[in-house]
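The next block holds one structure in the form of structure tokens; read it before the comments.
All values below come from the heavy atoms of this structure, side chains included, with hydrogens, waters and symmetry mates left out. Here the structure is a predicted model, which means the values were calculated and not measured.
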Amino acid sequence: MGALVHLPQRFNPMRVLQYKDLDLRRVRAAFDKVRSAIEAGDFRTADVKKLHAGPYYRARLDHANRLLLQFARIEGQTVCLALEVILNHAYDHSRFLRGAMVDEAKIEQEPPVQPAAVPETELAPLRWLHPQRSQFELLDKPVVFDDAQDTLSRLALPLVVAGSAGSGKTALTISRLRELPGRVLYVTLSPYLAQGALALYGAHGFENPAQEAQFVSFRELLETLHVPPGREVDLRSFRGWCERHRQAVRALGDIDAHALFEEFRGVIGAQPGGPMALEEYLALGPRQSLLPPAAREAAHALFQRYRQWLAEAGLFDANLVAHEWRARAVPEYDFVVVDEVQDFTPVQLALVLATLKIPGQFLLCGDSNQIVHPNFFSWAAVKTMFWHGLAGTAAQRQQLHVLQANFRNTRRVTELANRLLKIKQSRFGSVDRESNFLVTSTSGEEGDVSLVPAKDAALKALDAATRASVQHAVIVLRDEDKAAARERFRTPLLFSVHEAKGLEYPHVVLFNLVSGQRAAYAEVCEGVTAADVQRESLDYARARDKSDRSLEVYKFYVNALYVAMTRAVRSLTLVESDTGHALLELLGLRPGEAQLQPSRASTKDEWAQEARKLELQGKAEQAQAIREAFLQHRTVPWAPWDQGHIEQLALKAFDAANPSIKPRQALFDYALWHGQQHWVERLAAVNFAPARPLVLDGNFIGAGWLDTRDIRMPLWDEAHLQVRRTVASLRQRHLQPYAAKNFKEVLRQTDVHGVDHRTPVGATALMLAARAGNAPLVRALLDKGADPDVHDEFGHTAWLFAVGRALEETEFTRTGLPAIFDLLAPSAIDVQTDGRLVRIERHHGEYWVLTLMLAGLKTQWSRCVQRPMELWKYQEGFFAEQLHGVLEALPPHLWGDKRRKRSYLNHVLARGEVDSDYRPARRLWRRVRHGRYVPSPSLLLRRGEGWQPVYEALNLAWIDRGCGGEALYWVRPAQLLSQLGVVTTAPGSDGQSRSAPRKA
């Protein structure tokens, strides 16, 4: 939600807001007393004290129970948030404290805090406050609903909600979704939005044990049915195809590649029954297609060539796949939530609808004014599709609900956007009754809107104000307009309108949006008068000429301008060469000087964060521009360890004719760092002195047991201790800078070489901070834009680095791993089994088991790591006792009390087997023999936009590489796994070792 509002002076000095899920059944009277004391500013009576565990405080309810508090700030007023009742001092079970250590005895000795003593850095941001209502919802931040949102939060489904950007649709949607029982599907078109919704849903450790919620983009929904081959077609690829067929495209008339793309996707290929036949396409009305009837036959023929090109190029169209996959969809969800529904086509919505168990159990939300290009969306058509076949007339009569408040944009920006909506409705009529509404800003800030002539002096001033700040963005109409904008603006934050959708910046400059398309925007405001713009509301009115195609043709221009305007949170500057254009006059804009607020230059860290955010949103062009302009880094002066480098060292290390100590020492260090026993054995075989003490009578001294031909016997001698000391010393030496409280030098290195540079051991700084369990450093690196998805040659991310240590050290599992869980643990693990996407989320028992297997495969067969149990047990795969030893050391908020029995883990292992008949079938691992498991050879992991076999992703071939000849392994990994259909192949033409499923 957006900007702040002015609060009435009648509010108490300290308002207490109550979390919606706060359970007061056992402490109601005590809570009322504490609330009264806090509202009066009497923290001593309430015994409010700091917990020294995040931004949290506690108040005493009675002898045994405490109330967890946090404070928020809104326009200079401090508000107290009552979050959770902690019964019987059980701080370790607190949802919000996330396992943080709380010393109750120490707290009791401290004096109560004073209201004015709460640091500014610990105050949560509160965007809006209701004059009377004291209940709040908590997502990533506290949210107070207005009256309209509160009403909708109580209505039964089906529910259809329309609201502008900043209206709180997402907060309302997630709040409702959290309460729905059974299997719930959240689907939207944007993968970034789906991931963001999942993060909001699970914020502060929220869980609903009565619910199984799945968050996916529409493409991922297709993948849950069956993974389409190839890559999804995008506008850039389509433009290239249009260029090769330019003559056929030109014959269609005045239509560009973007519009033709929408005609193919939004009209011809968008129907639930499949692509339109020529006769059906020709019969469309004038306002159902962007093309006149005379051009449609040629367009339909071109569409057939488009389909052929998709197959040849290894691309797929989501509409065409949705139609083909429709037969695979089964009713499996109790409820469906569709976010940004205006971006969906009818065939996509039909597929979503087919997954519902009971018609009508849906929640739809969106904004038809945010359609960047015509796709013929209307709320009426959506309601007809979703309500078809509903039992009962009451459900069929359910009305669309409108959220008119805007909590994001300032008043002047909102006013300008409303004027544009009035022009649109006056010129083209209402698309439908449901889209007929204006927006009301709740902001307490006036904001600024200005029109600036595109003169050299003004442009230079604007460039100077925008180029070095992440707070300013420049938006043009189309991608083709960027070149002209780059000549005037040096900021890397330059977007076309379709790229800018979904973004927001405090200050936005629109460059020649109207002047660049004078004729089109003149047509947009044709016949509209000043009186039309002065209206206080929008009255429903159909277009005067129903045969007029102009609504669909020019909808792009008016909607694009609306989307561009509403990206600005605080100030909006329109730079136009034609400042006297009729549309600008209707909007009430008069040319003047830019009123941009002076802003400081953003730091490198801020630019790095912005680059990372844009990269996650698919804005690779702008992210790269930021790195080139502001994040120029020097190459590291060392050669980081990686597979290629070690392969070259091995050639020198084992060259009998010319032995060299330096490469042998590097290879030895690499082996101990990664726990790769085979390199140590081979070095010992060539009499490398440091490796010899780690091998005794031809057997490697591991962390516990020696295997002979007939017996197993423990080794508790000096040789055993030496290997432990050697490994511990090496790892401590490399980790020491990343485990220290003072990590300024680490951050300095990231400034010089980039936040994701490779250290001498081949890991990023984030990987080493994670293995050290240094949460403050992890947070600092993430704030600098570190990428947690970067992996090393073993497929390990920063999170898997930490989990790998937890497999070896129980104490680290108790303290270090929980400290970084919320920072690094992925919200879900995407795998592909049986040709379909299976998403393993944090609340699934399989999440932790699979994570341990992925992190532990590298060293599962090695004796070069610390083991809490007898070494021989590890040689045939992962086993329940091994996994349970790690999981039971996790705090309750990560591995709940109900899961701590071995029987639960055994159940998870059994249901996740490839041959299990459990539903839903996840098929994640295979049983080697009784009680021994390895990841399924047919399992694929997501890598970027594609998929990779699990043993290729984890580089099994490299793990096994050093075991050639007479290696002294008890079990070679490839020998064991080859029995399961995995073979280790020779290096490919690119020099990389590979591991791939064996063909039947």
Side-chain angles (χ1 to χ4, degrees), residues 641-656 659 663-708 715 719-720 722-724 726-727 730-731 761-762 792-796 804 807-808 855-867 871-872 874-877 934 951-952 954-978 982-987 992-995:
W641 291 343
D642 60 20
Q643 181 175 339
H645 180 59
I646 296 301
E647 284 177 331
Q648 294 300 315
L649 288 178
L651 292 176
K652 299 176 182 178
F654 300 120
D655 184 357
R664 289 184 177 184
Q665 183 64 52
L667 190 59
F668 181 67
D669 290 347
Y670 176 85
L672 296 183
W673 171 258
H674 284 292
Q676 298 301 288
Q677 168 192 341
H678 49 268
W679 293 114
V680 179
E681 295 183 0
R682 292 184 62 184
L683 287 167
V686 296
N687 292 318
F688 181 61
R692 289 294 301 166
L694 308 187
V695 175
L696 181 65
D697 295 333
N699 292 278
F700 187 86
I701 305 299
W705 292 80
L706 171 67
D707 184 34
T708 67
L715 285 176
H720 164 66
Q722 183 171 347
V723 68
R724 298 282 295 277
T726 303
V727 174
L730 175 86
R731 291 182 172 176
V761 296
D792 70 356
E793 68 267 39
F794 294 97
H796 283 194
L807 280 159
E808 302 173 22
L857 186 83
K858 178 178 76 171
T859 57
Q860 182 66 15
W861 295 274
S862 174
R863 307 183 196 181
C864 197
V865 294
Q866 181 175 331
R867 296 294 193 192
L871 200 60
W872 60 268
Y874 296 82
Q875 299 305 299
E876 293 181 287
V934 295
Y951 289 114
E952 183 178 324
L954 300 180
N955 212 349
L956 174 69
W958 179 236
I959 295 173
D960 201 56
R961 176 68 68 83
C963 305
E966 300 298 324
L968 300 172
Y969 263 83
W970 296 347
V971 179
R972 283 185 59 181
Q975 290 177 343
L976 171 67
L977 297 170
S978 65
V982 175
V983 293
T984 322
T985 65
Q992 297 296 315
S993 300
R994 302 202 180 281
S995 175

Report task. Supply the atom-to-atom distance R664 CZ to K652 NZ, rounded to the nearest 0.5 angstrom. Result -> 13.5 Å
Query - Residue pair A671 / W679: nearest heavy atoms and the distance that separates them - result: CB-CB, 3.6 Å
Query - Spatial distance of atom OH (Y874) from atom OG1 (T859) [nearest 0.5 Å] - result: 10.0 Å
Query - Gap separating the NE2 atom of H645 from the CG atom of L667, nearest 0.5 angstrom - result: 10.0 Å
Query raised in the report: Within the side chain of S862, is there an N or O that forms a donor-acceptor pair under 3.5 Å with the backbone of G675?
Result: yes
**Report entry** Nearest atoms (heavy-atom pairs only) where A855 meets G804
**Finding:** CB-N, 3.8 Å
**Report entry** Interatomic distance, I959 atom CD1 to E793 atom CD [nearest 0.5 angstrom]
**Finding:** 10.0 Å
Query raised in the report: Donor-acceptor pair, Q676 side chain versus K858 backbone, under 3.5 Å?
Result: yes
Report summary line: In terms of heavy-atom contacts, F794 and D792 come closest through N-OD1, 2.9 Å
Report task. Search all heavy atoms of W673 against all heavy atoms of R731 and return the closest pair with its distance. Result -> O-NH2, 3.2 Å
Report summary line: In terms of heavy-atom contacts, F668 and A691 come closest through CE1-CA, 3.8 Å
Requested in this report: Show your working on side-chain contact (heavy atoms from CB on, under 4.5 Å) between Q665 and F688 and close with a plain yes or no.
Outcome: CA-CA 9 Å; Q665 183 64 52; F688 181 61; 3.5 Å; yes
Report summary line: Residues W958 and H678: closest non-hydrogen pair is O-NE2, 4.2 Å
Requested in this report: Can you measure from CG (D642) to OH (Y670) and round to the nearest 0.5 angstrom?
Outcome: 8.0 Å
Report summary line: Value for CD1 (I646) from NE2 (H674), rounded to nearest 0.5 Å, stands at 7.5 Å
